[in-house]
Number of protein chains: 2
Amino acid sequence: MKTNASKRTRSPRSARERTYRLLRKKLLSGSYAPNQRLTEEAIARELGVSRTPVREALHKLDLEGLVEPAGARGFRVPEDSVAEMDELFAIRAVMEGHALACLSGLVTDEQIASLHQFIDEAEKASLAGNIKDVFEYNTRFHDLLYSLLAHERPRLYNLIEDMRDYVVRYRKNTLVNLKGVQRSILGHKKIVMALSLGDPQLCEHVMRKHVSEAREDTNPSGL
Amino acid sequence: MKTNASKRTRSPRSARERTYRLLRKKLLSGSYAPNQRLTEEAIARELGVSRTPVREALHKLDLEGLVEPAGARGFRVPEDSVAEMDELFAIRAVMEGHALACLSGLVTDEQIASLHQFIDEAEKASLAGNIKDVFEYNTRFHDLLYSLLAHERPRLYNLIEDMRDYVVRYRKNTLVNLKGVQRSILGHKKIVMALSLGDPQLCEHVMRKHVSEAREDTNPSGL
DNA sequence: CACCTGAAAATTGGATACAAAATATGAAAA
DNA sequence: TTTTCATATTTTGTATCCAATTTTCAGGTG
C-alpha cells in the first residue's frame with residue numbers, strides 16, 4: 001500500500017521541526033561554543049532551506065533559553081553558568097520530588113517488580129564494570145517510572161523533561177566515576193522502597209535527595 | 001532629542017510582540033470561546049499586519065498551551081480542563097514553596113516592612129469592602145516578593161510566572177468572595193512571618209498552603 | 001590620542017507569492 | 001441510505017523580496 005518505507009517519528013515532514021530538533025540537539029550536546037554566533041542565513045544555507053523555518057526554530061530555542069538574541073549580530077550561544085546549573089538542579093529536585101509523591105499510590109505491583117529488576121541489572125552491570133549497561137538500565141528505570149507520570153500529570157511531565165534536557169548541557173561525563181554510579185543505584189533502591197510503601201512525603205524526600213546527589217556527581221563543563 | 005513622545009513599555013515596536021500580547025490577553029481573559037478557530041489570515045487582517053508576525057505569535061502561544069494546532073483548520077482554543085487546572089496549581093504550590101524557601105535569608109528588613117505595609121493596606125481595603133484596592137495591594141505584595149526572586153533565581157522566576165499565567169485562564173472571578181480575600185490576607189501574614197524567621201522549611205510550607213488555598217477559592221470557569 | 005559622527009555593511013523583521021497539506025464537499029456506487 | 005473516492009477549498013508551510021535596525025568602521029575633530 002504505502003510507497004513510503006516507513007512513517008517513523010524520525011525526520012519530521014516540516015523543515016521547521018527538522019531545523020529545530022537538529023539545532024537543539026547540537027546546542028544540548030555542546031557542539032557550539034559559548035558566545036558563538038548563529039545567523040539565520042548561515043544555518044539556512046547549511047541545511048539547504050530558506051530563512052523562514054530557521055527563524056522560527058531559533059525563536060523557539062530562544063524561548064527555551066538555549067540561544068539568545070544578539071541584535072544585528074544574529075543569535076548567540078549563552079555561556080555556561082554554574083549558578084544556572086545549580087538553579088536548574090534545584091528546580092529538578094523539587095519538581096521530581098513532587099512527581100514521585102504524585103506517583104506513590106498509582107504504581108502497580110508489576111511496575112514495582114520491573115523497577116526492581118532494572119535496578120538488579122544495573123547493579124550487576126556496575127559490579128562488572130560495564131558502565132554502558134548501567135546507563136541503559138538506569139534509562140529504562142527512568143522511562144518506566146515517568147511513563148506513568150506522562151499519563152497522570154502531562155504538564156508536570158513536560159516540565160520535568162525540559163529541565164532534564166537543559167541540564168544535559170552541563171553534564172559532560174557524569175556517572176563515569178564509580179562512586180556516583182553506586183550512589184545512584186542506591187538512590188533508585190530508596191525510590192522503589194518509598195513507592196512500595198505508598199508514602200508521598202517519603203517519596204518526595206528520597207527523590208529530592210536523589211537529584212541533589214546527581215548534582216554533586218556532575219562536573220560542570222566550565223569547571 | 002527624541003522626536004517620539006515616549007518610549008514606554010506599552011506598544012512594543014515589533015508587530016510580533018504586539019500581536020502576541022494582544023492575543024494572549026484575549027485568551028487569558030476568556031474573550032475567545034473554547035474550540036473557537038483562530039486562523040492566521042483572519043487575525044492578520046483584523047490587526048492590519050501580515051501573516052508572518054501573527055504566525056510567530058500563535059506558535060509562541062502554542063508552546064504555552066494557550067492555543068493548539070488544528071491541522072488545516074488553523075489553531076483552536078483548548079477546552080478548559082479541571083484536571084489540568086488542579087495539576088497547574090499543584091505545580092505552582094511546589095515551585096512557589098521552593099521559591100519562598102530560597103528567599104528566606106535573602107530579604108532585608110526594609111523589604112519585610114514594605115510587605116507588612118502592603119498587607120495592612122490590603123486589610124484596610126478588605127474591611128472597607130474595596131476589592132479593587134485589595135487586588136492592587138496584593139499585586140504589589142507579590143511584585144515586591146518576586147522581584148528579588150527574579151534576580152536570584154531567574155529560571156525559577158520565569159517558570160513561576162509562566163505557571164501563574166496559565167492558571168489565570170481558569171480564574172474568572174477569584175477573590176470576589178470575602179472569605180477567600182480574608183484567607184489570602186492571612187496567608188500573606190504567615191508568609192512574612194516565615195520570612196522574617198528565616199526558616200526555609202516553614203517558608204516552603206506556608207507558601208504551599210497559600211497556593212493550595214488559592215486553588216480552593218478558584219472557581220473553574222467550566223464548573 | 002580619545003572621542004564623536006556618519007555612512008556602509010550585516011542581520012533580523014515584515015510582507016507577499018507560491019507550494020504543500022489537510023479538510024470539506026459532492027457525486028457515484030454499493 | 002451509506003460509503004467511498006475524487007476534487008475543490010481552506011489553511012498552514014516555505015521561499016524570497018524589501019524595510020528597519022543594529023553594528024562596524026573609517027574619518028574627522030577636540
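The sequence lines fix the lettering, A, B, ..., with proteins before strands; numbering per chain opens at 1.
Remark: C1' of D:dT22 and CZ of A:Phe75 are 14 Å apart, rounded to the nearest angstrom. Atom CZ in B:Arg13 sits about 18 Å away from atom C1' in D:dA19, given to the nearest Å.
Each of C:dT12, D:dT16, C:dA24 was ranked by its minimum atom distance to the side chain of A:Thr52; first place goes to D:dT16. Of the listed nucleotides (C:dT12, C:dG14, C:dA10), C:dG14 has the atom at the smallest distance from the side chain of A:Arg55. Checking C:dT11, D:dT24, D:dG13 against the side-chain heavy atoms of B:Glu40 singles out D:dG13 as nearest. Distance from the side chain of B:Arg73 is smallest to C:dA24 among C:dA24, C:dG14, C:dA10. Of the candidate nucleotides D:dT14, D:dT12, C:dA10, C:dA10 has the atom lying nearest to any side-chain atom of A:Arg37.
Residue-to-nucleotide contacts include a donor-acceptor pair under 3.5 Å from the side chain of A:Arg51 to the base of C:dG13.
Heavy-atom nearest nucleotides on DNA chain D were determined for B:Thr39 and for A:Ala72, and the one closer to the 5' end corresponds to B:Thr39. Residue whose closest nucleotide on DNA chain D sits further toward the 5' end, between A:Ala70 and A:Gly48: A:Gly48.
For A:Glu213 and A:Lys209, the salt-bridge test fails: no basic side-chain N is under 4.0 Å from an acidic carboxylate O.
For the residue pair B:Arg16 and A:His59, a side-chain donor N or O sits within less than 3.5 Å of a side-chain acceptor on the partner.
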